[in-house]
Amino acid sequence: MAFPATRMRRLRSTGLLRAMVRETELSASHLVQPMFVELGTDRTPIAAMPGVERLSISHAVEEAGLAYELGVPAVLLFGVPAEKDEKASGAYDDEGVVALAVRAIKEAHPELVVITDVCLCAYTSHGHCGVVREDATVDNDVSLELLAKAAISHAHAGADAVAPSDMMDGRVGALRAQLDAEGAKDTPIVAYSAKFASAFYGPFREAAGSAPAFGDRRTYQMDPANADEAVREALLDVEEGADVVMVKPALAYLDVIRRVKDATRVPVAAYHVSGEYAMIEAAAAAGYLDRRAAVLEALTSIRRAGADIVITYHAKEVAGWLQ
Ligand code: PBG
């Protein structure tokens with residue numbers, strides 16, 4: 001039955017009708033608020049991410065509480081350490097910035113889900129996500145030991161989930177084994193499974209001070225041209241024990257989100273990354289688009305593609321809009 005019997009516009013005629021047949025729901029309950037935490041007492045603006053700041057632990061506690069009050073169920077913590085070294089010592093220091101922040105946030109807001117990013121890049125002097133050998137290549141298996149130590153330190157501090165973002169092979173299995181052996185059997189792993197070597201992480205690297213000092217991340221992060229490989233990465237992570245698999249970035253990879261969801265049938269997270277945030281903010285500041293409409297459309301599209309969870313710097317604000 002085609003036109004004129006069928007008129008698709010009939011169900012678009014009023015707001016209430018449109019809402020009744022809306023297929024995708026965007027609500028605060030799916031959102032995760034990323035936060036950059038550093039020692040000290042300040043809030044430090046991030047030039048490439050207008051509206052986002054690096055926060056001292058007490059400011060992070062306050063911001064996490066505001067997000068939670070607006071209905072955001074989870075935060076994702078990134079530590080910005082005062083010092084870096086070759087072995088990323090700060091990443092697995094039980095008194096490091098993330099461990100301290102987790103304890104403080106959980107104490108103030110026990111119900112808020114606190115997820116920690118597990119990686120070495122913000123803690124290594126060279127800015128790579130793993131341990132670098134003399135020939136400047138990244139040593140996969142040695143890095144696994146340090147990543148597992150980082151995850152343990154976060155879990156012992158009270159993290160509700162750990163999220164490895166390093167893209168070393170075998171890290172989900174390594175983390176799972178170590179967590180199980182060290183009293184954290186119930187701590188879920190949110191794996192950055194299909195993490196692409198993306199230009200859209202630019203602003204984040206300013207925020208976390210984690211740009212690689214030499215080379216790039218293409219020997220461990222994925223080639224943006226590949227989707228079959230992304231599905232394989234996700235399936236391997238599920239096999240190794242991932243509880244949630246992630247696709248990152250989001251908007252340029254909506255096809256990958258859908259394929260990973262269909263192939264794994266496990267909860268899928270998508271990360272609307274720093275560059276995606278910055279693009280909307282810059283265009284809106286220039287008056288080129290309607291900021292609020294653009295943000296809601298972007299996040300709804302990510303959900304429509306198949307993401308159960310959306311990690312976004314807009315989380316708190318969007319939760320406020322949706323109230
Ligand atoms: C750490 C990490 C990065 C992001 C999340 N975890 C940066 C990178 O891989 O260079 C990017 C997040 C964003 O851009 O918002 N490996």
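We count ligands from 1, going down the list as the structure has it; atoms in each ligand are counted the same way.
Using a 4.0 Å heavy-atom cutoff, Glu276 is absent from the residues neighbouring ligand 1. Residue contact check for ligand 1: Cys129 places a non-hydrogen atom closer than 4.0 Å to it. Remark: distances from the non-hydrogen atoms of Gln221 to ligand 1 include one below 4.0 Å. Not a single heavy atom of Tyr277 sits closer than 4.0 Å to an atom of ligand 1.
The shortest contact between atom 15 (O) of ligand 1 and any protein heavy atom is with Tyr313 OH, 2.6 Å. The protein non-hydrogen atom at the shortest distance from atom 11 (C) of ligand 1 is Lys248 NZ, 2.9 Å. Scanning the protein heavy atoms around atom 12 (C) of ligand 1, the nearest turns out to be Phe204 CD1, 3.3 Å. Closest to atom 2 (C) of ligand 1, if we only count protein heavy atoms, is Lys195 NZ, 3.2 Å.
Looking only at atom types and distance, the side chain of Ser89 has a donor-acceptor partner in the side chain of Asp85 under 3.5 Å away. Side-chain N/O atoms of Ser56 and Glu38 include no donor and acceptor closer than 3.5 Å.
Here the closest heavy-atom approach between residue Tyr277 and residue Pro50 is recorded as OH-O, 2.5 Å. The two residues His30 and Arg303 come nearest to each other via the heavy atoms NE2-NH2, 3.1 Å.
The CE atom of Met35 sits 11.5 Å away from atom CD1 of Ile115, with the distance rounded to the nearest 0.5 Å.
Annotation for ligand 1: atoms under 4.0 Å from non-hydrogen atoms of Ser165 are 1 (C), 2 (C), 6 (N), 16 (N).
Phe200 is connected to Ile46 through a chain of hydrophobic side-chain contacts under 4.5 Å among Ile, Leu, Val, Met, Phe, Trp and Tyr, so both are in one cluster.
Relative orientation of the Tyr313 and Tyr271 rings is tilted, given thresholds of 30° and 60° on the angle between their planes.
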